[in-house]
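Read through the structure below, which is laid out as structure tokens, and then see the notes.
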Amino acid sequence: MQIEYMREFLAVADEGSVSAAASKLHIAQPVLSKHIRAMEEALHVQLFLRSPKGLTMTPRGKQAYHTFREIVGKYDEILCLFQSENNVLCGQLRMGILTMGFDSYIAPVAERFNQRYPNIALSYATENPLAIIEGVIDGSLDIGFLGQTRFDDRGQIAYRCIGQDELHAVVPKGGAIAERGYITPADAAEATLVCLKTKETTDVLNDLVVSAGFRPRRIVEVDEVEVASSSVVSLNGFFVIPDFMCSVFKASRNVDIVEFDTPLYLPVYFAYRKTVRNQFVSLFLDSIPFDEEQRRLDGAGCADE
């Protein structure tokens with residue numbers, strides 16, 4: 001069985017989704033699905049249970065996961081050993097990422113990095129912001145993708161601002177704001193702001209919105225992004241999202257995405273230890289296309305921390 005098929009299986013298992021794994025592996029979803037089916041046929045077992053909510057591993061799939069993880073790890077070790085003898089850069093870079101934002105910010109840099117350093121493997125772990133920071137501090141992650149810098153990072157983290165994501169408001173479909181296509185401070189003053197209970201993210205977004213004059217009548221917190229749409233409709237409120245989250249709501253039948261009458265922006269960052277443990281972090285940061293980075297930063301006041 002090909003080692004790359006094992007890598008693909010591990011990616012699908014980690015993501016719980018063929019489409020998400022295909023995006024991170026930079027291959028077509030039908031091709032990845034075909035490879036997974038081929039593995040199941042070759043092993044004569046079912047590796048995943050499929051449902052509308054995604055994929056979960058079967059008991060045999062979990063057994064295969066641990067075995068393939070060990071095989072791939074040993075393979076990479078011996079590959080790096082042999083290649084390092086020939087002065088070929090080889091190793092791994094581990095990145096913590098948020099659920100959204102991969103296609104817009106990470107994939108272009110990862111593709112450029114992979115072209116320059118094909119023997120340095122990029123692996124991803126989808127985490128919440130606090131887990132990403134802790135992972136970078138304790139060394140389980142080498143770099144993280146974040147939408148803020150307000151953390152108790154004990155002064156150990158450096159932040160590279162890589163762009164500005166424009167903010168939008170999710171509002172009830174068919175209402176006056178949705179028909180107009182933008183929200184004003186006067187609209188906000190009569191509405192409820194729906195936000196997530198994730199304090200670090202909520203504080204940053206609320207500060208951006210309120211400091212721009214959008215002061216809501218009240219604020220209601222919800223546990224999950226999936227609950228935000230129904231809460232916006234039931235409360236006749238609005239929910240603030242960065243541009244990279246728009247895809248989550250575009251297909252909704254109940255809400256629309258509108259602009260702020262005064263454009264608001266959320267800076268996004270790569271975070272890494274000031275005392276870098278992995279020599280490949282700087283190579284990854286150097287892979288950010290200069291012209292693309294300048295376009296993202298232009299005019300939005302983004303500054304490195």
Side-chain angles (χ1 to χ4, degrees), residues 1-76 92 94-108 110-111 114 121-129 131-132 135 140-141 144-145 170 196 198 222-231 233 239 241 244-255 257:
M1 185 175 296
Q2 297 181 27
I3 194 75
E4 292 309 315
Y5 278 28
M6 296 184 190
R7 292 190 195 278
E8 291 171 0
F9 167 81
L10 293 173
V12 173
D14 288 339
E15 294 301 320
S17 163
V18 174
S19 60
S23 176
K24 289 177 172 56
L25 294 168
H26 308 296
I27 63 176
Q29 181 176 338
V31 173
L32 181 55
S33 295
K34 182 179 179 181
H35 290 175
I36 296 299
R37 287 195 299 271
M39 290 183 69
E40 291 180 321
E41 291 172 3
L43 295 171
H44 302 289
V45 296
Q46 185 177 4
L47 297 172
F48 292 104
L49 294 174
R50 295 158 175 84
S51 73
K53 293 185 178 180
L55 302 179
T56 55
M57 284 184 287
T58 64
R60 289 296 192 186
K62 292 179 181 179
Q63 184 178 1
Y65 180 89
H66 295 296
T67 301
F68 290 165
R69 179 67 73 188
E70 183 176 354
I71 292 172
V72 170
K74 294 296 183 183
Y75 175 85
D76 287 342
Q92 185 179 44
R94 299 156 299 181
M95 179 179 295
I97 64 174
L98 305 175
T99 306
M100 285 72 69
F102 184 89
D103 291 339
S104 299
Y105 292 98
I106 301 171
E111 183 176 2
N114 286 331
L122 276 170
S123 63
Y124 305 100
T126 303
E127 303 283 2
N128 63 55
I132 291 174
S140 60
L141 297 172
F145 172 74
V170 177
L196 296 178
T198 308
V222 296
D223 291 316
E224 302 289 343
V225 171
E226 290 75 11
V227 181
S229 290
S230 58
S231 298
V233 173
F239 180 65
I241 58 171
F244 63 71
M245 283 183 63
C246 286
S247 59
V248 178
F249 298 93
K250 281 183 177 178
S252 174
R253 298 179 180 179
N254 302 315
V255 296
I257 301 170

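Quantities reported herein were computed from a predicted structural model and do not represent experimental measurements.
Looking at every heavy atom in both residues, Ile132 comes nearest to Gly144 through CG2-CA, 3.6 Å. In terms of heavy atoms, Leu32 sits closest to Ala21 at CD2-CB, 3.8 Å. Looking at every heavy atom in both residues, Phe48 comes nearest to Met57 through CE2-CG, 3.6 Å. Between Ala13 and Tyr65, the shortest heavy-atom distance links the atoms CB-CD1, 3.6 Å. Scanning all heavy atoms of the two residues, the minimum distance from Arg60 to Gln46 falls at CB-O, 4.3 Å. Heavy-atom minimum distance, Asn254 versus Ser252: N-OG, 3.1 Å.
Rounding to the nearest 0.5 angstrom, the gap separating the CZ atom in Arg50 from the CD1 atom in Ile36 is 8.0 Å. Between the NE2 atom of His66 and the CG atom of Leu10 there is a distance of 10.5 Å, given to the nearest 0.5 Å. Thr67 OG1 to Met6 CE: the interatomic distance, rounded to the nearest 0.5 Å, is 9.0 Å. If you take NE2 on His35 and CD on Gln2, they are separated by 7.0 Å, rounding to the nearest 0.5 Å.
In this structure the side chain of Leu196 reaches within 4.5 angstrom of the side chain of Val222, judged on heavy atoms. Between Ser33 and Gln29, some side-chain heavy-atom pair lies under the 4.5 Å cut-off. Using a 4.5 Å heavy-atom cutoff, the side chains of Thr58 and Val45 are not in contact. With contacts defined as side-chain heavy-atom distances shorter than 4.5 Å, the pair Cys246/Ile241 qualifies.
Ion pairing of Glu4 with Arg7 is present here, as a side-chain N (NZ or NE/NH1/NH2) and a carboxylate O approach within less than 4.0 Å.
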* To do: Evaluate side-chain contact (heavy atoms from CB on, under 4.5 Å) for Phe239 paired with Val255, printing each intermediate quantity in order.
  => CA-CA 10 Å; Phe239 180 65; Val255 296; over 6 Å; no

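The closest donor-acceptor contact from the side chain of Arg94 to the backbone of Gln92 lies at 3.5 Å or more, if one exists at all.
Residue Arg69 places its CZ atom among more than 12 non-hydrogen atoms of other residues, nucleotides or ligands, all under 6.0 Å distant.
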